[in-house]
Number of protein chains: 2
Amino acid sequence: MSGTPWKPPPILLAVDLVILTLRSAQLHVLLVERGIEPYKGRYALPGGFLNNADEDLCAAAHRELREEANLNAAHLHLEQLGAYGAPDRDPRGRVVSVAYLAIAPGLPEPEAGTDAAGAAWTPVRDIDSGRLELAFDHRQILTDGIERARTKLEHSSLATAFCDETFTIAELQQVYEAVWGVSLDPRNFYRKVRGVPGFIVAAGAERRTTKGRPAQLFRSGPQTVLSPPLNRPHSGQ
Amino acid sequence: MSGTPWKPPPILLAVDLVILTLRSAQLHVLLVERGIEPYKGRYALPGGFLNNADEDLCAAAHRELREEANLNAAHLHLEQLGAYGAPDRDPRGRVVSVAYLAIAPGLPEPEAGTDAAGAAWTPVRDIDSGRLELAFDHRQILTDGIERARTKLEHSSLATAFCDETFTIAELQQVYEAVWGVSLDPRNFYRKVRGVPGFIVAAGAERRTTKGRPAQLFRSGPQTVLSPPLNRPHSGQ
DNA sequence: GCAATAGTGTCTTTAAGACATTATGTC
DNA sequence: GACATAATGTCTTAAAGACACTATTGC
């Protein structure tokens with residue numbers, strides 16, 4: 001720390017995004033196909049380097065959300081996952097990446113012709129089943145992101161971020177079932193969810209489907225932290 | 001991304017440590033007094049810049065643990081909290097810091113005459129009561145570290161990291177009470193803790209105090225994730 | 001014996017889970 | 001009417017919390 005003049009090591013800083021959504025009751029993640037080496041042709045999480053030394057990490061994440069995913073970042077839940085900094089994680093040199101978790105409601109396929117060309121919603125099953133390999137350490141980042149989403153569903157109102165502005169309780173249940181990977185009793189779920197004060201509030205309107213009784217519509221309530229929490233069934237004995 | 005040659009912005013990477021321990025049933029954090037500007041004379045979390053471009057983040061955290069805190073890092077629980085990268089968090093320039101949480105059993109005062117001179121265990125109450133102000137954004141980092149410890153106490157065997165190799169159940173309870181900031185019924189706590197399979201195992205010996213019945217000694221069990229969890233009493237209604 | 005702490009048992013209250021029932025729409 | 005889905009009610013079981021009681025030490 002003294003004596004010899006200290007020269008900062010050349011370290012690059014990047015942000016990567018785990019953008020999760022629900023498509024036909026399946027958890028999907030947004031991936032982009034890499035156009036350049038390394039890992040050319042392989043799929044990777046959207047992300048990129050910091051623009052300049054003054055750019056905030058969170059701002060960089062929002063920017064990549066727009067540029068690479070073509071998503072309106074303003075309405076999306078965004079949360080830091082952590083820093084990934086193994087010295088050999090990027091063959092180009094030392095790159096430390098700060099990962100962010102974003103949750104989006106069901107969205108159409110990303111449009112081609114933009115920065116998001118080559119971006120695609122991919123079922124997370126395809127990755128953790130091993131059918132699809134990701135570039136860098138992105139599989140680990142994705143796993144961490146999903147785990148974070150799972151625990152946040154218990155203690156926060158994150159689940160509503162997967163839904164449109166208004167939603168039925170059955171739709172909300174599908175979020176929990178897809179992210180947790182379990183099936184829940186609709187009657188107990190209904191009772192439990194309505195018993196958490198401030199979680200969801202009735203929106204007045206109803207949703208009519210082709211069959212069956214119309215469902216009440218709800219919107220996200222004022223409470224962001226759930227008390228009591230919606231504990232997920234613990235698998236172990 | 002193309003056309004103009006891209007020059008990496010000069011960003012420095014640092015690690016900061018939230019080292020928590022228990023001293024006389026109070027949660028303490030290790031702080032160092034800053035000897036140089038900025039924030040000279042102010043207390044801060046131990047930490048420092050990466051040595052070189054090949055140093056792993058986690059290795060840097062361990063190194064700072066030795067250098068600044070004079071703690072044998074090998075036996076300590078170490079876990080990443082996240083990256084702190086607001087552009088104005090360090091007046092010297094752009095410094096992104098990766099924070100780590102470390103848990104240590106009750107330890108004597110750090111020795112003077114080493115890098116740890118000027119290091120002191122400080123009750124966390126002194127910081128979040130506002131009586132003591134920290135340098136940089138270290139108050140926020142500390143708050144995040146404590147919150148992380150609180151939730152990890154519920155779902156993992158982290159609490160045993162605050163204890164010596166063998167401990168009594170009463171000592172384990174003191175950990176939960178100090179970190180959660182609540183008081184628990186010793187009888188229910190005893191029953192609950194013993195009911196979590198693999199959490200703690202009897203060590204055979206007993207601990208004799210000046211008064212009262214000797215207590216059985218335990219050591220940390222094979223299970224690191226607790227099932228069922230030890231839910232902390234949720235404050236809100 | 002008393003004081004003090006460790007450990008066990010019991011009861012009450014509450015939440016979780018299983019599942020029957022009623023309500024309200026489309027066809 | 002049949003059918004499908006929404007919403008409510010009831011019962012059983014398990015866990016959480018309050019607290020009485022017994023056990024084993026030092027003095």
Side-chain angles (χ1 to χ4, degrees), chain A residues 24-25 153-155 163-164 166-177 180-197 199-219 226-237, chain B residues 24-25 153-155 163-164 166-177 180-197 199-219 226-237:
Chain A
S24 52
L153 244 53
E154 297 188 81
H155 304 97
C163 301
D164 294 327
T166 62
F167 49 86
T168 69
I169 293 197
E171 288 166 352
L172 190 63
Q173 179 180 343
Q174 286 191 346
V175 174
Y176 278 89
E177 292 184 326
W180 284 350
V182 299
S183 72
L184 303 168
D185 185 297
R187 301 158 290 191
N188 292 335
F189 183 82
Y190 189 100
R191 183 161 43 87
K192 177 72 179 167
V193 162
R194 300 228 55 179
V196 180
F199 182 14
I200 56 171
V201 294
E206 293 181 339
R207 169 162 303 168
R208 328 184 85 81
T209 55
T210 168
K211 297 230 175 225
R213 175 176 173 177
Q216 263 203 291
L217 284 175
F218 296 83
R219 66 181 75 248
L226 306 187
S227 173
L230 268 79
N231 294 319
R232 77 176 127 164
H234 48 276
S235 47
Q237 45 148 7
Chain B
S24 52
L153 245 52
E154 297 188 83
H155 304 97
C163 301
D164 294 327
T166 62
F167 49 86
T168 68
I169 293 196
E171 288 166 353
L172 190 65
Q173 180 180 342
Q174 286 190 347
V175 174
Y176 278 89
E177 293 185 325
W180 283 351
V182 298
S183 73
L184 303 169
D185 184 298
R187 299 157 294 190
N188 293 336
F189 183 81
Y190 190 99
R191 185 161 41 87
K192 176 73 178 165
V193 162
R194 300 229 55 181
V196 180
F199 183 14
I200 56 172
V201 293
E206 292 181 337
R207 170 162 302 168
R208 327 185 84 81
T209 56
T210 167
K211 297 231 176 225
R213 175 176 173 176
Q216 263 203 290
L217 284 176
F218 295 84
R219 67 180 74 248
L226 307 186
S227 174
L230 269 79
N231 295 318
R232 76 175 129 165
H234 49 277
S235 45
Q237 46 155 359

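Basis for what follows: all heavy atoms, side chains included, without hydrogens, waters or symmetry-related copies. Within every chain, numbering begins at 1; the chains are lettered A, B, ... in the order of the sequence lines, protein sequences first and strands thereafter.
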Asker: Could you tell me from which nucleotide to which nucleotide of DNA chain C, 5' to 3', there is an atom under 4.0 Å from chain A heavy atoms?
Answerer: C/dA16 to C/dT26

Asker: Which atom pairs, one a donor and one an acceptor, fall under 3.5 Å between side chains of residues 181-190 of chain B and the rest of the protein, sequence neighbours left out?
Answerer:
| residue | atom | partner | partner atom | Å |
| --- | --- | --- | --- | --- |
| B/D185 | OD1 | B/R187 | N | 2.7 |
| B/D185 | OD1 | B/R187 | NE | 3.3 |
| B/D185 | OD1 | B/N188 | N | 3.1 |
| B/D185 | OD2 | B/R187 | NH2 | 3.0 |
| B/N188 | OD1 | B/R191 | NH2 | 2.8 |

Asker: Go through the structure and list residues passing side chain to side chain donor-acceptor pair (under 3.5 Å) with A/R207, not counting sequence neighbours.
Answerer: A/E171

Asker: Name all residues meeting the salt bridge (charged side-chain N to carboxylate O under 4.0 Å, His left out) criterion together with B/R194; count only those two or more places apart in sequence or in a different chain, and write none if there are none.
Answerer: none

Asker: Between A/L217 and A/E206, does the side-chain contact (heavy atoms from CB on, under 4.5 Å) criterion hold? Intermediate values first, please.
Answerer: CA-CA 5 Å; A/L217 284 175; A/E206 293 181 339; 5.8 Å; no

Asker: Which residue, A/N231 or A/R208, contacts DNA chain C at a nucleotide closer to its 5' end, judged by nearest heavy atom?
Answerer: A/N231

Asker: Round to the nearest Å and state the distance from B/L230 atom CG to D/dA16 atom C1'.
Answerer: 12 Å

Asker: Does A/A170 have any side chain to side chain contact (heavy atoms under 4.5 Å, CB included) partners at least two apart in sequence or in another chain, and if so, which?
Answerer: A/T168

Asker: Please name all residues satisfying salt bridge (charged side-chain N to carboxylate O under 4.0 Å, His left out) with B/R213, sequence neighbours left out, ordered by chain then number.
Answerer: none

Asker: Produce a footprint string for nucleotides 4-14 of chain D: one letter per nucleotide, 5' end first; B if the base is under 4.0 Å from any protein heavy atom, S if only the sugar-phosphate is, - if neither.
Answerer: BBBBB------

Asker: Can you name the side chain to side chain contact (heavy atoms under 4.5 Å, CB included) partners of B/R232, sequence neighbours left out?
Answerer: B/E147, B/R150, B/T151, B/E154, B/W180

Asker: Go through the structure and list residues passing side chain to side chain contact (heavy atoms under 4.5 Å, CB included) with A/A25, not counting sequence neighbours.
Answerer: A/Q174

